Amino acid sequence: MARTRTEIVEGAEITVVEDTREDLQDFLGTAQEIESLEGEEQKKKLEEIFGEEEEEDQDKKKKGKQTEEAEKHQEEEIDPRQSSRANTDVVLAMQIADQVAAEAAAETPCYVVHGAKILCSMGSREARLVVPLDHGLLLEKKPQMTIDDRKSLTNIMCFGNCFSADNPRMEQAAVDATNKYNQEKSQTFWGKVKSFFTGPPKTVDSASRELQELCICECEPCFSEEAVWEEGNEKSQLRGEATLIQPDTIVCRYGGVIRIIDNGQNE
């Protein structure tokens with residue numbers, strides 16, 4: 001409850017409203033005091049106050065009514081500037097290099113051997129095309145490859161990180177990033193002040209498509225039964241399979257176009 005009293009200030013009568021909720025008055029006073037401190041002094045004071053608060057009953061932390069705006073931010077809040085997505089300029093440069101290499105290869109098709117370099121339009125780095133056991137023919141002392149060599153993590157290795165929002169791992173990556181951001185934000189000075197009234201940050205278990213497109217996740221190539229290396233050399237076959245040539249491409253289930261950028265013969 002609040003109480004009022006009347007005072008005369010510079011000849012005018014004013015009404016002063018006093019809040020008798022001592023715990024709130026003390027807290028706001030302490031908040032102003034902490035805000036005026038700097039560096040280690042502020043950190044020490046925060047630990048002194050909020051360290052003790054963590055041991056109190058959780059119901060006390062939930063005082064006050066959480067506004068609709070605060071609830072909305074807690075559900076989907078993430079700062080794009082703090083996103084771990086790779087620099088777009090680097091990705092663009094890789095795509096340009098990929099296109100140049102593909103165009104050059106198209107003019108002079110070359111057989112592909114174990115160790116060839118490949119690049120995915122949704123990946124963060126180049127990978128290798130490998131074959132655990134040769135098909136019976138070597139080029140430059142390396143096993144030659146066929147269009148059937150398309151198994152994930154057996155022939156087509158990991159491209160580092162994946163940028164595709166169609167990757168089922170991306171939603172979990174976005175959820176983890178959101179919860180981490182909300183948790184870190186709650187540890188700032190004003191975050192702790194806010195948590196005192198509204199309780200700890202809400203943990204989310206889903207993320208919007210827009211948030212997923214800002215994140216990255218671990219790459220694991222995945223191919224449908226219909227996915228094949230395009231443009232294989234049907235005139236040259238190994239064990240009944242067309243040989244693989246450098247202009248060939250294959251599409252990942254998550255939308256990435258995988259190209260051979262180096263046939264591997266000269267390495």
Side-chain angles (χ1 to χ4, degrees), residues 85-86 88-170 173 212-213 216-267:
R85 190 179 181 101
T88 54
D89 292 338
V90 175
V91 176
L92 179 60
M94 291 175 65
Q95 291 175 342
I96 293 174
D98 174 22
Q99 185 62 33
V100 170
E103 291 175 355
E107 298 177 0
T108 55
C110 296
Y111 293 116
V112 176
V113 299
H114 171 83
K117 293 181 181 179
I118 50 180
L119 194 66
C120 177
S121 60
M122 289 293 179
S124 64
R125 60 172 172 78
E126 66 182 32
R128 295 282 180 169
L129 186 60
V130 300
V131 57
L133 184 65
D134 70 76
H135 301 298
L137 183 63
L138 303 181
L139 287 178
E140 300 294 332
K141 298 181 180 181
K142 296 180 180 180
Q144 188 172 345
M145 307 194 72
T146 74
I147 60 172
D148 193 46
D149 296 323
R150 57 183 178 84
K151 297 180 179 62
S152 174
L153 303 183
T154 297
N155 304 125
I156 299 175
M157 307 311 287
C158 172
F159 293 93
N161 293 316
C162 179
F163 300 141
S164 174
D166 292 329
N167 191 324
R169 298 185 179 188
M170 192 64 82
Q212 294 181 48
E213 291 174 349
I216 60 174
C217 64
E218 182 181 357
C219 164
E220 183 176 337
C222 182
F223 304 99
S224 66
E225 291 295 327
E226 295 76 22
V228 294
W229 285 104
E230 301 291 344
E231 305 298 334
N233 188 351
E234 295 290 345
K235 295 182 180 180
S236 174
Q237 296 190 352
L238 290 173
R239 295 182 180 177
E241 293 290 342
T243 54
L244 197 59
I245 54 178
Q246 189 168 342
D248 288 359
T249 62
I250 191 170
V251 180
C252 175
R253 189 187 293 271
Y254 308 137
V257 178
I258 298 172
R259 298 179 183 274
I260 300 171
I261 59 175
D262 188 292
N263 57 56
Q265 291 189 37
N266 298 322
E267 292 192 6

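None of these values were measured; they are calculated from a predicted model. Computation of the quantities below employed the complete heavy-atom set of this structure, encompassing side-chain atoms and omitting hydrogens, waters and symmetry-equivalent molecules.
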Visitor: Report the C-alpha distance between E220 and L153 in whole Å, list the side-chain angles of each, state the deciding distance to 0.1 Å, and finish with yes or no for side-chain contact (heavy atoms from CB on, under 4.5 Å).
Guide: CA-CA 7 Å; E220 183 176 337; L153 303 183; 3.8 Å; yes
Visitor: Determine the minimum heavy-atom distance between C158 and C219, stating which atoms define it.
Guide: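 Taking every non-hydrogen atom into account, SG-O, 3.4 Å.
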Visitor: Looking at every non-hydrogen atom in both residues, tell me the closest pair between A173 and I216 and how far apart they are.
Guide: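 Reported closest heavy-atom pair: CB-O, 3.4 Å.
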Visitor: List the atom of V257, the atom of S121, and the distance in Å for their closest heavy-atom pair.
Guide: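 Result for this residue pair: N-OG, 2.9 Å.
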Visitor: Any donor and acceptor pair, going by atom type alone, linking the side chain of S124 with main-chain N or O of F159 inside 3.5 Å?
Guide: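 Such a contact is found between S124 side chain and F159 backbone.
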Visitor: Do the side chain of K142 and the main chain of G115 share a donor and acceptor less than 3.5 angstrom apart?
Guide: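 The answer is no, because no donor-acceptor pair under 3.5 Å joins these two groups.
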Visitor: What heavy-atom pair brings C222 and C252 nearest, and what distance separates the two atoms?
Guide: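 Nearest pair, atom of C222 first, then C252: O-SG, 3.3 Å.
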Visitor: Among residues at least two apart in sequence or on other chains, which ones pass side-chain contact (heavy atoms from CB on, under 4.5 Å) with V130?
Guide: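 With neighbours one apart ignored, the set is H114, R128, M157.
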Visitor: Determine, step by step, whether S164 and M170 satisfy the side-chain contact (heavy atoms from CB on, under 4.5 Å) criterion, reporting the C-alpha distance in whole Å, the side-chain angles of both residues, the deciding distance to 0.1 Å, and the verdict.
Guide: CA-CA 7 Å; S164 174; M170 192 64 82; 5.5 Å; no
Visitor: Go through it in stages, so that I can follow the logic: the residues are L137 and T243, the test is side-chain contact (heavy atoms from CB on, under 4.5 Å), and I'd like the CA-CA distance, side-chain angles, deciding distance and then a yes or no.
Guide: CA-CA 11 Å; L137 183 63; T243 54; over 6 Å; no
Visitor: Once rounded to the nearest 0.5 Å, what's the spacing between atom CG of N167 and atom CZ of R253?
Guide: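 So the gap between those two atoms works out to 11.5 Å.
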Visitor: Report the residues that fulfil side-chain contact (heavy atoms from CB on, under 4.5 Å) with D149, sequence neighbours left out, ordered by chain and then residue number.
Guide: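 Applying side-chain contact (heavy atoms from CB on, under 4.5 Å) to D149 gives V131, H135, M145, T146, N155.
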Visitor: Can you sort out the partners of N263 under side chain to side chain donor-acceptor pair (under 3.5 Å), two or more places apart, ordered by chain and number?
Guide: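 Side chain to side chain donor-acceptor pair (under 3.5 Å) check on N263 returns Q246.
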Visitor: Could you pull out the closest heavy-atom pair between M122 and G255, with the gap in Å?
Guide: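 Closest approach of M122 to G255: CG-C, 4.3 Å.
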Visitor: How long is the gap from SG on C217 to OH on Y254, to the nearest 0.5 Å?
Guide: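 Answer for the SG-OH pair, C217 versus Y254, is 8.5 Å.
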Visitor: Are the side chains of P247 and I245 in touch, meaning some heavy atoms are under 4.5 Å apart?
Guide: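 Yes, their side chains come closer than 4.5 Å.
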Visitor: Can you name the closest pair of heavy atoms from F223 and I156 and give their distance?
Guide: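 Scanning both residues completely, I find the closest heavy atoms to be CZ-CD1, 3.4 Å.
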Visitor: Can any side-chain N or O of T249 pair as donor or acceptor with the backbone N or O of E230 at less than 3.5 Å?
Guide: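 No, because the side chain of T249 does not come within donor-acceptor range (under 3.5 Å) of the backbone of E230.
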Visitor: Say you draw a straight line from CG of L139 to CD of Q144; how long is it, rounded to the nearest 0.5 Å?
Guide: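 If we round to the nearest 0.5 Å, L139:CG and Q144:CD are 4.5 Å apart.
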Visitor: Enter the distance from L119:CG to R259:CZ here, rounded to the nearest 0.5 Å.
Guide: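 Output value for this atom pair is 9.5 Å.
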Visitor: Quick one: list whatever passes side chain to side chain donor-acceptor pair (under 3.5 Å) with D166, sequence neighbours left out.
Guide: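 Expected list: R209.
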Visitor: Given R150, which partner from the list L244, I258, I250 fulfils the side chain to side chain contact (heavy atoms under 4.5 Å, CB included) test?
Guide: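 Only one of L244, I258, I250 forms a side chain to side chain contact (heavy atoms under 4.5 Å, CB included) with R150, namely I250.
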Visitor: Who are the side-chain contact (heavy atoms from CB on, under 4.5 Å) partners of E218, not counting sequence neighbours?
Guide: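 E218 satisfies side-chain contact (heavy atoms from CB on, under 4.5 Å) with R169 only.
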